[in-house]
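Computation of the quantities below employed the complete heavy-atom set of this structure, encompassing side-chain atoms and omitting hydrogens, waters and symmetry-equivalent molecules. Reminder, nothing fancy here: chain letters follow the sequence lines and each chain counts from 1. Everything quoted here is computed from the prediction, not taken from an experiment.
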Number of protein chains: 2
Amino acid sequence: MSNTAVTAVTTTATLPLATPAPAYPTVAGADRRARQDIAGTLKLLGDVLAPKRRLVHAGDVLYQCGEQFGNLYIVNTGFFKIVSLSPDGREQVVGFKFRGDWLGFDGIANAQYTCDTVAMDTGEVWSVRYDALIRACADHPKLLTILHQAMSRVIAHDSDSLMALCTLPANARVADFLRFWAESLTHRGMRADQITLRMTRAEIGNYLGMTLETVSRALSTLARDKIIAFASKGRRDLSIPDLQALSAFIQRCLVPVPRAS
Amino acid sequence: MSNTAVTAVTTTATLPLATPAPAYPTVAGADRRARQDIAGTLKLLGDVLAPKRRLVHAGDVLYQCGEQFGNLYIVNTGFFKIVSLSPDGREQVVGFKFRGDWLGFDGIANAQYTCDTVAMDTGEVWSVRYDALIRACADHPKLLTILHQAMSRVIAHDSDSLMALCTLPANARVADFLRFWAESLTHRGMRADQITLRMTRAEIGNYLGMTLETVSRALSTLARDKIIAFASKGRRDLSIPDLQALSAFIQRCLVPVPRAS
DNA sequence: CGTTCGATTGAGGAAGATCAATTAATGTGG
DNA sequence: CCACATTAATTGATCTTCCTCAATCGAACG
């Protein structure tokens with residue numbers, strides 16, 4: 001029920017992709033986001049730019065707020081959180097990133113990064129000098145297309161986040177977070193029915209604008225309703241048997257009174 | 001009190017600008033955002049691309065969600081709201097745009113726009129074909145820099161919005177909205193002490209994740225505290241005598257208990 | 001095996017939403 | 001130009017959601 005755009009329904013991107021996109025199964029709740037060919041993008045980047053590969057471990061800081069901008073990063077493996085800090089000390093998780101995501105766009109505007117980026121797991125990022133990337137784009141127009149699509153995707157997703165934050169109650173926001181997560185995994189060709197939350201309830205809550213207790217309660221509710229199931233040991237691993245059901249749950253949150261006759 | 005970044009304090013952008021930025025006065029609460037030379041940007045665009053100039057009136061829809069992407073727009077004059085629509089009918093104002101702002105970035109990723117853009121006033125936008133712009137960038141590297149800075153600025157601002165939404169109470173959020181507004185005007189070389197809200201309380205509330213009643217109450221509180229003042233007739237025109245006081249108000253909202261001895 | 005950190009769950013309170021009434025501004029037709 | 005209709009804004013009273021505070025439990029780790 002909660003899928004596709006309002007007017008047009010063409011889901012095939014018409015802009016050129018690095019390589020032909022493989023035929024993904026059309027998942028329930030699939031949105032307007034296009035399939036990105038991450039492997040192709042990484043290959044092109046690797047061939048053209050010889051990016052510096054950097055291994056990171058949980059807790060490593062890739063770059064910090066205020067640091068001079070120079071590199072963009074592409075996540076090959078691993079998992080990152082982006083944290084924004086206000087002058088008065090407030091902390092805000094503004095994103096979670098993984099395979100195929102770009103890091104550092106925020107730094108271009110003012111020649112310094114405006115966020116901290118922290119690894120939450122062992123992984124590998126590729127770093128490219130921004131100026132080198134731009135030079136390379138002259139010879140490889142596809143690179144520029146990829147870059148712009150990546151930036152555009154961030155901008156479009158930020159709008160979606162704002163919508164979720166402003167229009168969904170807490171339970172639905174957590175559900176929507178999981179839904180987006182699962183969809184992202186699918187788009188990247190990873191398993192989406194079995195996911196491991198690499199972040200704490202506090203981090204999820206911060207990102208979603210609620211307390212950790214509310215996140216916990218929402219997850220408990222979802223588990224009670226059989227929308228999700230926690231794996232045997234630990235509550236960081238969960239399975240989503242049916243994405244449709246997850247979307248339905250979100251919709252149900254929006255109509256508090258089920259219109260009892 | 002609420003200014004500059006955490007670590008580094010260099011506010012001068014090191015990336016090349018279209019033309020030398022004029023020396024703006026350092027306003028209280030000035031943030032990490034760089035000065036943009038809007039006049040210079042518009043001149044360059046006009047010279048290089050001969051953009052199509054389009055006159056709009058209040059209510060005109062510049063482009064719609066789902067429409068095929070092709071153009072980027074730059075606001076010359078006037079005022080726009082960006083509205084995102086969810087499949088189930090929720091509506092979310094995701095931004096307000098004016099002179100110097102770019103429109104349509106969200107459309108690049110998937111070759112279709114993901115938002116509606118609606119004029120709220122008479123104005124003029126310049127439209128450029130995205131592919132033509134990219135071609136022109138080959139000869140005019142400055143153009144690409146300007147484009148990337150504009151996209152980056154959107155991304156950085158989205159983070160700031162998320163932070164405000166998640167960490168500030170309603171009153172402070174409204175105050176922060178006004179502060180950002182005034183700052184934007186200053187950066188564009190316009191008067192910031194006397195501003196006209198071109199949108200309704202409902203639109204502000206939607207954008208800030210609260211009801212119109214809460215917006216109204218927040219503005220009343222700000223007026224009672226002499227942080228703002230409504231112009232003689234109508235409650236759409238207001239003046240901000242002291243931006244410092246506005247920032248201080250936001251801070252005060254964050255420390256509910258003034259630590260009485 | 002105890003310590004620590006993260007997660008869960010419950011009880012009470014507060015910020016903001018909802019509902020409702022009133023007032024102010026804007027527009028319209030006579 | 002005025003009466004009337006319409007839309008936006010204000011303000012108050014109540015109600016709901018979610019936050020805060022607190023206790024308990026489970027897992028991981030030294």
Side-chain angles (χ1 to χ4, degrees), chain A residues 58-59 81 90 93 120-121 164-178 196-225 228-238 250 252-257, chain B residues 58-59 81 90 93 120-121 164-178 196-225 228-238 250 252-257:
Chain A
K81 68 169 173 182
R90 283 131 60 214
V93 175
M120 308 198 68
D121 206 350
L165 207 54
C166 289
T167 67
L168 297 181
N171 276 350
R173 233 146 64 217
V174 172
D176 186 65
F177 173 73
L178 294 177
T196 302
L197 300 175
R198 274 110 158 167
M199 70 297 273
T200 66
R201 305 290 192 253
E203 285 165 331
I204 298 175
N206 181 296
Y207 178 59
L208 296 178
M210 64 188 75
T211 60
L212 65 151
E213 291 94 332
T214 303
V215 175
S216 182
R217 281 185 245 269
L219 290 172
S220 297
T221 302
L222 285 166
R224 196 175 321 120
D225 291 7
I228 64 170
F230 287 111
S232 45
K233 266 195 181 172
R235 302 125 313 207
R236 294 284 263 261
D237 299 271
L238 53 87
I250 296 171
R252 225 176 304 139
C253 292
L254 292 170
V255 271
V257 193
Chain B
K81 67 170 173 182
R90 283 132 60 215
V93 175
M120 309 198 68
D121 206 351
L165 207 53
C166 288
T167 67
L168 296 181
N171 276 348
R173 233 146 63 219
V174 172
D176 187 65
F177 172 74
L178 294 177
T196 303
L197 300 175
R198 274 109 158 168
M199 69 297 273
T200 66
R201 305 289 191 255
E203 286 165 329
I204 298 174
N206 182 294
Y207 177 59
L208 296 178
M210 64 188 76
T211 61
L212 65 151
E213 292 94 332
T214 303
V215 175
S216 182
R217 281 186 246 269
L219 289 172
S220 297
T221 302
L222 285 166
R224 197 174 321 118
D225 291 8
I228 64 170
F230 288 112
S232 46
K233 267 196 180 170
R235 304 126 311 214
R236 296 285 263 259
D237 300 274
L238 53 86
I250 297 170
R252 225 176 303 138
C253 293
L254 292 169
V255 271
V257 194

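Considering only residues two or more places apart in sequence or on other chains, B/R198 meets the side-chain contact (heavy atoms from CB on, under 4.5 Å) condition with B/F79, B/D121. For B/S216, there are no side chain to side chain donor-acceptor pair (under 3.5 Å) partners at least two apart in sequence or on another chain. Here A/D237 pairs with A/T196, A/A231 under the side-chain contact (heavy atoms from CB on, under 4.5 Å) rule; sequence neighbours left out.
Comparing the end axes of the helix from C/dC1-D/dG30 to C/dG30-D/dC1, each fitted to five base pairs by superposing C1' atoms of four pairs onto the next four, gives an inter-axis angle of 40° (nearest 10 degrees).
Taking every heavy atom of both residues into account, A/G209 and B/C166 meet most closely at CA-SG, 3.6 Å. Minimum interatomic distance between A/A175 and A/I250 (heavy atoms only, all atoms of both residues): CB-CG1, 3.7 Å.
Contact annotation: A/T214 side-chain N/O to D/dC18 OP1/OP2 distance is not under 4.0 Å.
Not a single donor-acceptor pair under 3.5 Å links the side chain of B/R201 to the backbone N or O of B/V215. Under a 3.5 Å cut-off, the side chain of A/T221 and the backbone N or O of A/R217 do form a donor-acceptor pair.
Donor-acceptor pairing under 3.5 Å, judged by distance alone, is absent between the side chain of B/R173 and the base of C/dG16. Counting atom types as modelled, B/R224 pairs no side-chain N or O with a base atom of D/dT11 as donor and acceptor under 3.5 Å.
Interatomic distance, B/L165 CG to B/M210 CE, rounded to the nearest 0.5 Å: 8.0 Å.
Rounded to an integer number of Å, the gap from CG of B/L197 to C1' of D/dA8 is 13 Å. The CZ-C1' distance, from A/R236 to D/dA27, rounds to 11 Å in whole Å. In this structure, B/L165 atom CG and C/dA15 atom C1' are separated by 15 Å, rounded to whole Å. In this entry the distance linking CZ of B/R235 with P of D/dT7 reads 16 Å, nearest Å. Remark: P of C/dG6 and CZ of A/F230 are 17 Å apart, rounded to the nearest angstrom. The CG-P distance, from B/D237 to C/dA24, rounds to 18 Å in whole Å. Computed from coordinates, the A/L238 CG to C/dG6 C1' distance equals 16 Å when rounded to whole Å.
Listed in residue order, the members of residues 203-213 of chain B having a heavy atom less than 4.0 Å from DNA chain C are B/G209, B/M210, B/T211, B/E213.
Among pairs with a residue in residues 168-177 of chain A, those fulfilling salt bridge (Lys or Arg N to Asp or Glu O under 4.0 Å) read A/D176-A/R179, at least two apart in sequence or across chains.
For B/R201, counting side-chain heavy atoms from C-beta on, the closest listed nucleotide (D/dG12, C/dT8, D/dT10) is D/dT10. In the set C/dT9, C/dA17, C/dT8, C/dT9 carries the atom at the smallest distance from any side-chain atom of A/R217. Relative to the side chain of B/S220, the nucleotides D/dT11, D/dC18, C/dA7 differ in distance, and D/dT11 lies closest.
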